[in-house]
Amino acid sequence: MQFLAEDLNYRTRRFRNMKILVYGAGVIGCELAHVLKKGGNDVTLLARGDWKDTLEKQGLVIRHYLQRKTTTDIIKVTGCLNSDDEYGIIFVVMQADQVPDVLPTIAANVSRYVVFIGNNPWAGKTEAAAQAGSPVNKEIAFGFMTAGGRRENGQVISIHAGTHLTIGGRDGELSSIFKNCLSEAFSGAGCRLSWENRMDAWLKCHMAEILPIGYVSYAVGCSLPKASGVQRKAMVDATAEGFTLLKALGYPIRPAKDEGFFSGGPKRKLWSAIIYVMCKTPLGRLAATDHCAHAVSEMTMLDSAWEELHAQKPDIALPVWDSLRKSMPVEGRHEEIKNAYKSLGGDATFYDGMITCSTLPGKAVCKLVWNMDKRKNDHYLELAMSGIPKNFNGKMLEVPVGTGVLSMPVYEMMQEADIICLDYSPDMMERAKRQAEKRQIRNVRFMQGDVGKLPFEDESFDLVMSLNGFHAFPDKEAAYNEIFRVLKPGGIFCGCFYVKGGNRRTDWFIEKIYTPKGFFTPPYETAESLEKRLKAMYKKAQVKTVEGMAAFRCRKGGGHEK
């Protein structure tokens, strides 16, 4: 009893001194930080890279689109969460595909109350991972904030018709202490709270509503005004099918009133009208297609999660849903990487033009040696770099960097990551530096070093990428082992290189020309031997080939895997 009384006193003291961390500085995270700051809380926003610098220099600037006003908040900013950083509440506001990567950090922290804001198809797994091995007895809530928008020119463009947060327990009511804490945090903040005791079901119902909109968005090139009347109707019909599946799986429709939007009657007409307005006004771009275009990895994760749900009840037919789903992009970083090399053109050197298939001589070599045109060349690079999560903001190593022609155009879009580029050749590295300077990339550091003896401590990196390197490494075993060593548990290893047996003409050139001249160094993997090796070393591994090139993505065990 004494312990319970002391615990209650501790929690009450914490609530009266509301120190809050918003973990994630995207649009929703920034809007939430603004709201909580308005409520008089001591708010810290976790951000990284150039966006962190912007927030520290000019404050949090938000243009509230519908309200036609701009606000500026001077707010605390941090770049990390240490295990002993104690907060009254931590709000984790990240894309669904990014949440698993931060769960070990959340679990290790001493704060007791955590709220995950945003899409989350597997709330139960998230809750368990956030509590696993925690030094305190954590209570977890889930929420969803009705806001959208984008970041541009040092400010957030936020669209909301008055901020509204649906929040509650995964599958049950929150404790009265946690609920009071949340009520106090939002008191005077101008944000309406809706309490929901079945947030797992709520989030799955929300997934059934947003995925059809996403599918149509991709079908029309993320330009909803191009959506036809048939496509607008299909968005509503597909969600109705989705609700049928969820009910068959035992999930209640939450909120209950939403079921009327997708059945017959006046409410369905209202939802159809909402869809029409989204398709015909800028609302659709700000509330839907901007997110679809820039969060393909999250939409891909939600799509995969939905397929797992459907697999539990394959007898439930979803004909409209399945027809729309065909427009879902196969690779999450497809458009980004495809567009990243458009700036090269005639400025590319022979080497750069060859590996990007972007100049006439380069195209000739690609066709002759590799049997690849521009489409195939882009495809294997997309596969190789699809291992980089969208909006990645962790610590990354690229080895070797070469001239930087493959990676710098992509790093230009990764301003919140901490990137180290290593190469054994000073000449190559100088060319990569010039690429970075030309593109004004400031979050990349360059180091000379040997992949067979990496100058980093164990478990230093969240991601290691190696593009077109392993076929040239003289000691491949050491390279494999060193990369594994410096990866954190749960870290990603991705990249590409030549494999034997994918194309007979390529194999001839490698054997007769590239190997004798020292461009490549045997022995060479086959696609089969590479997949076997990676699966033996890593918890998850995937290998895909395009002609004689293998692209791979694998995740080290010991962390929280997706």
Side-chain angles (χ1 to χ4, degrees), residues 28 92 96 99 114-131 139-147 164-176 178-179 182-183 191-215 234-272 274-275 298-299 301-322 324-325:
I28 306 299
V92 180
V99 170
V114 181
V115 183
F116 290 91
I117 302 289
N119 292 309
N120 195 315
W122 305 122
K125 293 180 181 179
T126 299
E127 184 175 60
Q131 294 169 334
E139 187 171 0
I140 309 297
F142 295 87
F144 196 91
M145 195 170 187
T146 52
H164 172 217
L165 179 65
T166 301
I167 192 167
R170 173 183 62 83
D171 192 16
E173 191 169 359
L174 297 176
S175 69
S176 58
F178 194 6
K179 199 169 180 179
L182 289 164
S183 296
C191 177
R192 181 167 62 91
L193 297 183
S194 292
W195 299 102
E196 171 59 65
N197 296 336
R198 299 291 302 274
M199 277 304 299
D200 186 37
W202 192 101
L203 289 165
K204 286 177 170 61
C205 290
H206 182 70
M207 190 161 60
E209 295 173 354
I210 63 170
L211 275 171
I213 297 173
Y215 295 151
M235 289 187 233
V236 183
D237 291 339
T239 297
E241 293 178 351
F243 278 9
T244 299
L245 173 62
L246 291 176
K247 287 188 289 185
L249 290 168
Y251 294 103
I253 302 304
R254 304 298 306 157
K257 64 179 179 61
D258 276 17
E259 188 164 9
F261 288 126
F262 304 99
S263 56
K267 279 196 171 183
R268 180 185 170 95
K269 292 180 180 178
L270 176 58
W271 188 262
S272 297
I274 291 171
I275 292 293
E298 180 183 59
M299 295 298 289
M301 180 186 182
L302 297 180
D303 173 68
S304 297
W306 185 267
E307 285 303 290
E308 291 183 37
L309 288 172
H310 194 193
Q312 297 175 35
K313 286 284 185 179
D315 54 310
I316 303 295
L318 307 178
V320 179
W321 185 289
D322 290 341
L324 294 183
R325 185 174 179 263

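As the structure is a prediction and not an experimental result, all values here were calculated from the model.
Legend: residues meeting side-chain hydrogen bond (donor to acceptor under 3.5 Å, both in side chains) with Glu307, ordered by chain and number and at least two apart, are Arg325. Partners of Trp306 according to the ring-ring contact (aromatic ring centres under 6.0 Å, His included) rule, which considers only residues two or more places apart in sequence or in another chain, are Trp321. Qualifying side-chain hydrogen bond (donor to acceptor under 3.5 Å, both in side chains) partners for Asn120, counting only residues two or more places apart in sequence or in other chains: Thr126. Not counting sequence neighbours, Asp258 has no partner by the side-chain hydrogen bond (donor to acceptor under 3.5 Å, both in side chains) test. When the side-chain contact (heavy atoms from CB on, under 4.5 Å) test is applied to Leu165, the partners found at least two apart in sequence or on another chain are Ile117, Met145, Ile167, Phe186, Cys191, Leu193. Contacts of Ser272 classified as side-chain contact (heavy atoms from CB on, under 4.5 Å), with partners at least two apart in sequence or in another chain: Val236, Arg268. Legend: residues meeting ring-ring contact (aromatic ring centres under 6.0 Å, His included) with His310, ordered by chain and number and at least two apart, are absent. Scored by the ring-ring contact (aromatic ring centres under 6.0 Å, His included) test, Phe142 finds Phe116 as partners (sequence neighbours excluded). Looking at residues two or more places apart in sequence or on another chain, you find a ring-ring contact (aromatic ring centres under 6.0 Å, His included) between Phe261 and Trp271. Among residues two or more places apart in sequence or in another chain, the side-chain contact (heavy atoms from CB on, under 4.5 Å) test is passed with Pro314 by none.
Taking every heavy atom of both residues into account, Leu245 and Leu318 meet most closely at CD2-CD1, 4.1 Å. The two residues Leu324 and Ala234 come nearest to each other via the heavy atoms CD1-O, 3.7 Å. Annotation for Leu246 and Ala208: closest pair CD1-CB, 4.2 Å, computed over non-hydrogen atoms. When all heavy atoms of Ile140 and Leu174 are compared, the closest pair comes out as O-CD2, 3.9 Å. Across every non-hydrogen atom of Met207 and Pro121, the tightest pair is SD-CB, 3.9 Å. Taking every heavy atom of both residues into account, Met299 and Gly214 meet most closely at CE-CA, 3.8 Å.
Contact of the Trp195 side chain with the Ser183 side chain is registered, since non-hydrogen atoms from C-beta on lie closer than 4.5 Å. Taking the side chain as every heavy atom from C-beta outward, Lys257 and Lys267 approach each other to under 4.5 Å. Considering only heavy atoms from C-beta on, Ile210 comes within 4.5 Å of Leu302 through its side chain. The side-chain heavy atoms of Phe262 and Glu241, taken from C-beta on, include no pair separated by under 4.5 Å. Proximity of Met199 to Thr166: side-chain heavy atoms (C-beta onward) are separated by under 4.5 Å at one or more points.
For residues 242-252, every residue pair satisfying the side-chain hydrogen bond (donor to acceptor under 3.5 Å, both in side chains) rule, not counting sequence neighbours, is listed here: Lys247-Glu259. Listed by first and then second residue, the salt bridge (Lys or Arg N to Asp or Glu O under 4.0 Å) pairs involving residues 191-207 are Asp171-Arg198, Glu196-Arg254, Asp200-Lys204 (not counting sequence neighbours).
With rounding to the nearest 0.5 Å, the separation of CD in Glu298 from CG in Asp303 is 12.0 Å.
Between the side chain of Ser175 and the backbone N or O of Phe178, at least one donor-acceptor pair lies under 3.5 Å.
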